[in-house]
Number of protein chains: 2
Amino acid sequence: MNISEAARRSGLSAKMIRHYETQGLVTARRLENGYRDYAEADLAVLRFIRHARALAFPLDDVRRLLALWRDRNRASADVRRIALDHVAALEAKAEAMQAMAHSLRHLAAHCHGDGRPDCPILNELEKNP
Amino acid sequence: MNISEAARRSGLSAKMIRHYETQGLVTARRLENGYRDYAEADLAVLRFIRHARALAFPLDDVRRLLALWRDRNRASADVRRIALDHVAALEAKAEAMQAMAHSLRHLAAHCHGDGRPDCPILNELEKNP
DNA sequence: GATGGGGGTTCCCATTGCGGGAAGGTCAAG
DNA sequence: CTTGACCTTCCCGCAATGGGAACCCCCATC
């Protein structure tokens, strides 16, 4: 199957697939004319990548997860460590963003939000320290 | 004051300050030798930027907030809108990340995490659709 | 045979917000 | 005069794509 069908069937874009190839996550057989040719097994890899990316695993992690996936002698502990490290990163970022959102919501709640110029949001931003 | 002192006193890096200048957020007087020269008023702008960035406002928003800040005839409604739009974006991203973290934590909780190869995390990633 | 259309390919640029580092000007102290 | 600590501009790299150019391939139709 050509790249656009692989894209359609994997839920990725052709651009993404080529990019993942440059990053060493997938490889494709090449036809005589240079076209990439994907087998069902490749499709499984592409779907794996899509699922991992949907969970926001960086490509580096995806590469490691793929290696473990292919390794019949893997230790599930290795998979788990990658996942939990990623979870920690996600939660740290999410909490930081929630905290920022909270502060801003609080400031916005005290802002008239009308034609008058005074605004606690700007007051906060212009504070000295 | 030169750029490194402005950096120290604003809590930004010299690199950041130059970058903000290319993005039209700050301007600095130039000495005869081409060096940037900052006044106290510039420092206030730099601190404003730092506070806004600490709340993760994109530079485009910071530019708009600065314009409103300088505008004595601003409507606080405009400031509020920028802030609340940003809050919405922050919360959307944060919630998406929390959701991913939750799914992964759930999967990891069912993973032995020992030397055995079977792992619900990989099972999830290799699913068909 | 020529042409058109719809594939494919590679490669470069832009995004966002910086950091690193090179190449070179400037200035004060020793 | 040299050293060192500033400053300047400019280019590269990051992460993960999207957009688009320039060009190749193949098939069908005129």
Side-chain angles (χ1 to χ4, degrees), chain A residues 1-39 42 45-46 48-66 82 85-86 89-90 92-93 96-97 100, chain B residues 1-38 42 45-46 48-66 85-86 89-90 92-93 96-97 100:
Chain A
M1 98 191 68
N2 63 25
I3 197 170
S4 62
E5 191 180 345
R8 190 180 52 73
R9 293 185 54 194
S10 66
L12 298 169
S13 71
K15 280 277 195 185
M16 287 175 179
I17 296 177
R18 292 195 195 96
H19 182 56
Y20 297 153
E21 186 174 319
T22 72
Q23 301 306 301
L25 304 190
V26 219
T27 53
R29 206 175 72 90
R30 294 294 183 127
L31 298 179
E32 299 255 325
N33 58 16
Y35 286 20
R36 289 172 179 81
D37 183 40
Y38 296 90
D42 301 320
V45 172
L46 293 174
F48 184 101
I49 297 173
R50 178 166 61 81
H51 290 136
R53 287 293 301 144
L55 291 169
F57 278 107
L59 294 190
D60 257 23
D61 284 4
V62 178
R63 194 192 340 272
R64 293 186 199 109
L65 290 170
L66 273 170
I82 293 175
D85 285 357
H86 178 51
L90 281 174
K93 278 190 201 172
M97 296 175 80
M100 295 186 259
Chain B
M1 97 192 67
N2 63 25
I3 197 170
S4 63
E5 190 180 345
R8 189 181 52 75
R9 292 185 54 193
S10 66
L12 298 169
S13 72
K15 280 280 195 183
M16 288 176 176
I17 296 178
R18 292 194 195 95
H19 181 58
Y20 298 153
E21 185 174 319
T22 72
Q23 301 305 303
L25 304 190
V26 220
T27 54
R29 204 173 75 88
R30 294 296 183 126
L31 299 177
E32 299 254 326
N33 58 16
Y35 287 18
R36 290 173 180 80
D37 182 42
Y38 296 89
D42 301 320
V45 172
L46 293 175
F48 184 101
I49 297 174
R50 177 167 60 80
H51 293 318
R53 288 293 301 145
L55 290 169
F57 278 106
L59 293 190
D60 258 23
D61 284 5
V62 179
R63 195 194 336 273
R64 292 185 201 108
L65 290 170
L66 273 170
D85 284 358
H86 178 51
L90 281 175
K93 277 190 200 170
M97 297 176 80
M100 295 185 259

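Letters A, B, ... mirror the listed sequences (proteins, then strands); counts begin at 1. None of these values were measured; they are calculated from a predicted model.
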Heavy-atom pair with the smallest gap, counting every atom of [X] and [Y]:
X: Arg53(B); Y: Pro58(B); result: NH1-CA, 4.0 Å
X: Leu25(A); Y: Val45(A); result: O-CG1, 3.9 Å
X: Ser10(B); Y: Leu46(B); result: CB-CB, 3.7 Å

Counting heavy atoms from C-beta on, name the nucleotide in [options] closest to the side chain of [X].
X: Leu59(A); options: dT26(C), dT9(D), dA16(D); answer: dA16(D)
X: Pro58(B); options: dG17(C), dC25(D), dC6(D); answer: dG17(C)
X: Arg30(A); options: dT9(C), dC7(D), dC27(C); answer: dT9(C)
X: Ser4(B); options: dC7(D), dG18(D), dC25(D); answer: dC7(D)
X: Tyr35(A); options: dA16(D), dT26(C), dG7(C); answer: dG7(C)

Can you tell me if the side-chain N/O atoms of [X] get under 4.0 Å from OP1 or OP2 in [N]?
X: Ser13(B); N: dC18(C); result: no
X: Arg36(B); N: dC7(D); result: no
X: Arg50(A); N: dA16(D); result: no
X: Arg18(A); N: dG19(D); result: no
X: Asn33(B); N: dC27(C); result: yes
X: Arg63(A); N: dA16(D); result: no
X: Asn2(B); N: dC7(D); result: yes

Exercise. Assign Tyr20(B) to base, sugar-phosphate, or nothing according to its heavy-atom contacts below 4.0 angstrom with the strands shown.
Key: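 Sugar-phosphate, no base atom in range.
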
Quiz item: Using a cut-off of 4.0 Å on non-hydrogen atoms, how would the nucleic acid contact of Arg53(A) be classed: base, sugar-phosphate, or nothing?
Solution: sugar-phosphate

Quiz item: So, do Leu66(B) and Phe48(B) sit near enough that their side-chain heavy atoms are less than 4.5 Å apart?
Solution: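 Yes. Closest side-chain heavy atoms under 4.5 Å.
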
Take atom [atom1] of [X] and atom [atom2] of [N], then tell me their distance rounded to the nearest Å.
X: Asp37(A); N: dC26(D); atom1: CG; atom2: P; value: 14 Å
X: Lys93(B); N: dA16(D); atom1: NZ; atom2: C1'; value: 14 Å
X: Leu55(B); N: dG17(C); atom1: CG; atom2: C1'; value: 16 Å
X: Met16(B); N: dG20(C); atom1: CE; atom2: P; value: 10 Å
X: Ile3(B); N: dT9(D); atom1: CD1; atom2: C1'; value: 12 Å
X: Tyr38(B); N: dT8(D); atom1: OH; atom2: C1'; value: 12 Å
X: Leu31(B); N: dC7(D); atom1: CG; atom2: P; value: 11 Å
X: His19(B); N: dC11(D); atom1: NE2; atom2: P; value: 16 Å

Quiz item: Can you find a donor-acceptor N/O pair under 3.5 angstrom joining the side chain of Lys15(B) to the base of dG21(C)?
Solution: yes

Quiz item: Between Arg36(A) and Arg18(A), does a side-chain contact (heavy atoms from CB on, under 4.5 Å) hold up when you go through it step by step?
Solution: CA-CA 9 Å; Arg36(A) 289 172 179 81; Arg18(A) 292 195 195 96; 3.7 Å; yes

Quiz item: To the nearest 0.5 Å, what is the distance between CG (Leu90(B)) and CG (Asp85(B))?
Solution: 11.0 Å

Quiz prompt | 5′-ward residue of the pair Phe57(A)/Gly34(B) relative to DNA chain D | solution = Gly34(B)

